[in-house]
Amino acid sequence: MSASSAFIDEKGGSASEPEYGHDPASGGIFSSDYKRHDDLKEMLDSNKDSLKLEAMKRIVAMIARGKNASDLFPAVVKNVACKNIEVKKLVYVYLVRYAEEQQDLALLSISTFQRGLKDPNQLIRASALRVLSSIRVTIIVPIMMLAIKEAASDMSPYVRKTAAHAIPKLHSLDPDQKDQLIEVIEKLLADKTTLVAGSVVMAFEEVCPDRIDLIHKNYRKLCNLLIDVEEWGQVVIINMLTRYARTQFLNPNINESLLEENSEKAFYASDDEEEEDKKDEVAPLAKRKPYVMDPDHRLLLRNTKPLLQSRNAAVVMAVAQLYFHLAPKAEVGIIAKALVRLMRSHSEVQYVVLQNVATMSIKRRGMFEPYLKSFYIRSTDPTQIKILKLEVLTNLANETNISTILREFQTYIKSMDKDFVAASIQAIGRCATNIGEVRDTCLNGLVQLLSNRDELVVAESVVVIKKLLQMQPEQHSDIIKHMAKLIDNIQVPMARASILWLIGEYCEHVPKIAPDVLRNMAKTFTNEEDIVKLQIINLAAKLYLTNSKQTKLLTQYVLNLAKYDQNYDIRDRARFIRQLIVPTDKSGALSKYAKKLFLALKPAPVLESTFKDRDHFQLGSLSHLLNAKAGGYQELPDWPESAPDPSVRNVEVKDSIPDWSKCTSRKDRKEKKAEKPFYSDSDGESGPTESADSESDSGSGSESASASDESGSGSESGEETESEEEEEDEEEEKKKKRKKHLDKTKAKKPVEESTESEQSSGSEERKRGRKAVKNQKSASESESESESSESGDESEDESEEESESDTDIRKKKTPVSKQPPKQSKKESKKETQEMSLLDLDDFEPAPASAPVTPVNFMSSSLVSDLEGLSLTDTILAPTTITPSGSIKMYELLHRITGEGLAVEYCFSRQPFSPDPNMVAVQIQFTNNTNSETKNLHIEEPRLQCGMRIREFAEIDVLSAGESVTVVMGIDFCDSTQAANFQLCTHTRKFFASIQPPVGELMTPVFLTENDFKKEQGKLMGMNEISEKLTLGEKCVNEHVIVERVTATANLSRVPCGSDKECRFAGKTVSSGCLVLVTVSTKEGGRAQLTVNCEKMLIGTMLVKDIMQALSQ
Amino acid sequence: MIHSLFLVNASGDIFLEKHWKSVVSRSVCDYFFEALERATEPENVPPVISTPHHYLINVLRHRIYFVAVIQSEVPPLFVIEFLHRVVDTFQDYFGVCTEAAIKDNVVVVYELLEEMLDNGFPLATESNILKELIKPPTILRTVVNTITGSTNVGEQLPTGQLSVVPWRRTGVKYTNNEAYFDVIEEIDAIIDKSGSTITAEIQGVIDACVKLTGMPDLTLSFMNPRLLDDVSFHPCVRFKRWEAERILSFIPPDGNFRLLSYHVSSQNLVAIPVYVKHNISFREGSSQGRFELTLGPKQTMGKAVESVLVSSQLPRGVLNANLNPSQGTYTFDPVTKLLSWDVGKINPQKLPSLKGSMSLQAGASKPDENPTINIQLKIQQLAISGLKVNRLDMYGEKYKPFKGIKYMTKAGKFQVRT
């Protein structure tokens, strides 16, 4: 509302402006302007935010209408640090608009942005960077550079995205920074978040589109991320990848030309090289085809295909052009359907799509033939659309469909839109020239049009007929005669000129009429248009040569008229022709050839589409649309080595690999290995990701070899054996094998042990001793399972007793280590039982090692017992004893606010027996007052939809100084939203709320390595989140990592064949979705974290939490 | 990418400008005005205009030209699609996208444009994200804001920006949880003089209005998914699931959105719901023409044909039409020569007809073109392709939502040639 009033204000202002204009001398324009802005300045200077806002809104309204508000700069810039966020934003808008003009004053605002860059709120950091980079003040280039570099390694991907956006800004401001900016681009290209990918490729395209080498390392990642990138980023990435692929891969259609020429030779010649490159040949050998598509080429095609289904026309077009330029002929067809779909969109979209379809339909007519009817023209289409559709229809015309197309054309000719009718006639002409069978029909139809009332139609027909007649003039002298008659009526110069030319050219077919026409034309010569005059001279010359008897005088007359024409072209022509045809003494040798010159057989014109050969521009580009190179257009490179040479393929492999990596040969090998999945299985769902992983690994340095080995050792082992055939790599292969073998045995050990442990249920002693070895590998799932069944039984038992003495039993049920004296005898009896239970399995050290651990029935004494034992063990890993304190206590009610009642809670990680879908929350009440607290219970739970609470039974009495622990169950529905309720005592009610960390929303699941891989394979794409991180200083070994991860999230470890990788599995408590976590470590404290979970939100939050835990 | 944006109204005035890089003088629009003058119809302005230093890409929506200024190579569809997205956003925010609405909300418009593009590259175009950054103006909020001094601008990064489901914001709460889906199909057809179908196809969309708490995960399955020949999805739809099982599985955005648009495979015969009997003739030499039109239902699956509107562009030579409708009303604009007849519902017992005479310019020869007839219509509770939603399930949340599916058939570009 205020904005609208501002606008009206401005309107009033502008209405009175002309008045100033009348009298500029009085200086009224300045004074009044000054006055008007004066009140704005006052408002800006006031200390009321609402006034400032009002003023800023009016100023922005002025800017929007293009009014100059630059004189307010000092007043506005002062408010850059305003607390009110909307004022601030509007000030930013103002700054970005005017800073360029007032550079010095703009510098005043810089410090605010610099401060903003350090703000804990990522939105503020990002917007500070945005404005800082947008204000285009050259002095601050170094500051911008610094800010960009810093933001490029910001925690928040949103800030990193903003950094990517800032790169082209800085580049346009100061191109000298290019080298440094390229470094930042290189860094950001390695970023794995989808948010950044689109923006950084955009920056790449603007700053250094020729640095194709930067893409190599990121190529597969970009392909794999593509589907999750936001749509605008997709367009940019696809266009860039199209160019990239053109430089790196072979022409997939090279086959067709090759096959025709010398496929045999090609095949044999390549034999010797195949040796080297055998694995490349495995698949194709069977099919006996000389061309093999690079698997990365295939990856690109496969990953872009689903995007044809995008709602965004630009994305669809981008994929379409990618397929058109890169796909084998047989596959290009799939884009037709999507492009035809776009024709339902807005007319501007139609316009662009039709232009591209027109170009495509020339090259690949078959593709759009099934959709012929979609290009039929409706009377309501805008003219430009109609003409483009006509173009496409003409391109699609062939012998089989020409009759239906011509029938359509017939209706078009009757349209009211004359431009369109003219285009239709030309289209008919083109069909007639291209398809010989219908030439006569078309010609007849066009001749009929000559009697049309509309002169434009007739004229256009004449022009087209002229072109058609040139093809076979002998049979059509009657048509020429007919046209000669028309010349009296037709006024359109082009048509008149065409008729005259026809008569002149074929004057021998119409010997009687031609001179008469010339006679008539000579009469009107002076009034004709220039093109007609030229044709009259032409006609005269030709007649003079063939029939000089009748036309000599006429010709002289015409030439004389032309000699004094106003147009010098015509004068020139007349002079030239006179010299040529009229034999004089001086006339040179040329006149002998005059007849040959004038009446030479002229080749029939080829009627071509204007869209022919436009495909040398990248389709979908602005340059293609304009058929002219636009600024900044990147040429689509030709395929490398396009010559049909049999060795091309092999050369390409050699060529491309050094290109690819520019580094160790080791890496090449890895590259190849990553490719393998494509050969071995066509579906290759896991293939691309696998390879993408090893790709990123390789980026991280020399150590990476082992990382890739490791990934190979697992699921890819089948392929490994295949690759052993490789001769050149044999040596290395062997080495690798050996190493792998080692890895395997290493990996096997814990697995064996754990299985063993499950079998041997007896001796506690042995188990305890061994505990230290594999504590971290604990198959905690089995443990917790058995426990859960146990505790379930117990609680059932107990619930029977419950009625007898509530408090007592509750204490029993959830004894907290803090109050060991509370443990009854009965418990201690159970405790032994429990101990043996624990010992049956590897028991999880995390809860046990924590002294405060609230694990059921495990007194702290037991814990210390166990610890004591383990301490004696020599193989003991140091981690076992570190009391990680992984189970955190959270405060529900502080002692003071609770008036003496302190309540803490923790997530005990025990299954909640009454309802497996609930998370068990253990609550500890401590009464710090001097009096009893009675009737502790929960009331009025206010929950998000779907969430449920199972309350603990009421605590009757809590005497002074006592503590009691209860367990309640909450079904959080797999969300981290808080459960709110009221805690009531007999006197008071307290508001309380429990918010679970995401890690507590899951329970461990036991999976084998294979199961894990299988499940992981199902949770790809959107369900997979991968992050790189640097491990914290304390994360020295695997044990710490395992501990940290299990402390953060309630997961169990999955046995794994490698010591570089830790895997964890769990499922969400409420819905049972699998949660898979992989931490693979690399040298230098770096690691990669991957979380696969169908619930993407949980996945994202979990990644965040684990990252934090690991990087501490 | 996009340098500047100019908004031009029907009378050729620039009423808003926004620059994302250095300021481009508004005189660049002169090239656009030239093209505008050359074009006979407003929609005939070429979408891409080349000028010596810039390229102008424009779209026309709601009688406003959105002219984007480009300096270097960029896919034209990228810009066109973005401009349409801007218009959609304005419509979403202000209900309508007219010159008046934009002028009234000029500050919000400016804030939106600032968020949607950064340095000419799209930044946030999802309506859910934008609405968290800049709250749509409502009367209530304006009043509250003026009193409390709070702002329309969000202080936190929208939750969607960072999540893998950027189209949905977190913390959505509703007391009534409901999900409505409208299956709307349009018939595009060209019928020739004799009444036979030249081309006919069905295009459909599923528009959704989802107001559900939390993070619901919905699946929608069809009885006959094979009907769908070509589909395009909202980004929320999981493509793999569709490929494998032909089930739409998605976490929906909050509010209104288009879930799916589809094309029904062309092998299926398209049912044409109405037929037209026409007799439009001009006699040589006379200044009168005859006009007769009768509509009747054809294949309507027993449903009533409603909201029928017939329009036709009569030849230029027609001066006036004196017609007599058996039902509904007709208008004839002597300037544009546009005849439109609002028929309403078709009663199969008493077919609607429009008969009468046209007066032609005296002395002019008979027009040789015959007008085409455009028909609009609606059929409720019917998807003409026979597409049926099988079931809609929700996972991830525990409450029971209210679900509703509505079917409707419309005529799209339905033309009868005479």
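Protein chains get the first letters and strands the later ones, always in sequence-line order, with residue 1 at the start of each.
In plain terms, the two heavy atoms of B:Ser232 and A:Ser310 that are nearest each other are CB-O, 3.5 Å. Of all the heavy atoms in B:Ile57 and A:Leu622, the pair that sits closest is CD1-CD1, 4.4 Å.
Under 4.0 Å is where a charged nitrogen must lie from a carboxylate oxygen, and between A:Lys57 and B:Glu111 no such pair does. At a threshold of 4.0 Å, the pair A:Glu1094-B:Arg238 does not count as salt-bridged, since none of the basic side-chain nitrogens sits closer than that to a carboxylate oxygen. Looking at A:Arg344 and B:Glu201, no side-chain N of the basic residue comes within less than 4.0 Å of a carboxylate O on the acidic one, giving no salt bridge. Salt bridge B:Asp192/A:Arg407: absent, no basic N to carboxylate O contact under 4.0 Å. A salt bridge does not link B:Glu114 to A:Arg97: none of the charged nitrogens lies less than 4.0 Å from a carboxylate oxygen. Between A:Arg311 and B:Glu81 no salt bridge is recorded (no basic side-chain N to carboxylate O distance below 4.0 Å).
Contacts of B:Arg61 classified as salt bridge (charged side-chain N to carboxylate O under 4.0 Å, His left out), with partners at least two apart in sequence or in another chain: B:Asp88. Every salt bridge (charged side-chain N to carboxylate O under 4.0 Å, His left out) that A:Lys337 has, sequence neighbours left out, goes to B:Asp229.
Put simply, the side chain of A:Glu348 reaches to within 4.5 Å of the side chain of B:His84, judged on heavy atoms.
Aromatic ring pairs are classed by plane angle as parallel below 30°, tilted from 30° to 60° and perpendicular above 60°; the pair B:Phe82 and A:Trp232 is perpendicular.
Contacts between B:Ile251 and chain A at a heavy-atom distance below 4.5 Å involve the side chain alone, from C-beta outward.
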Intermediate values then yes/no, side-chain hydrogen bond (donor to acceptor under 3.5 Å, both in side chains), B:Ser22 and A:Glu100: CA-CA 8 Å; B:Ser22 296; A:Glu100 207 174 2; 3.0 Å; yes

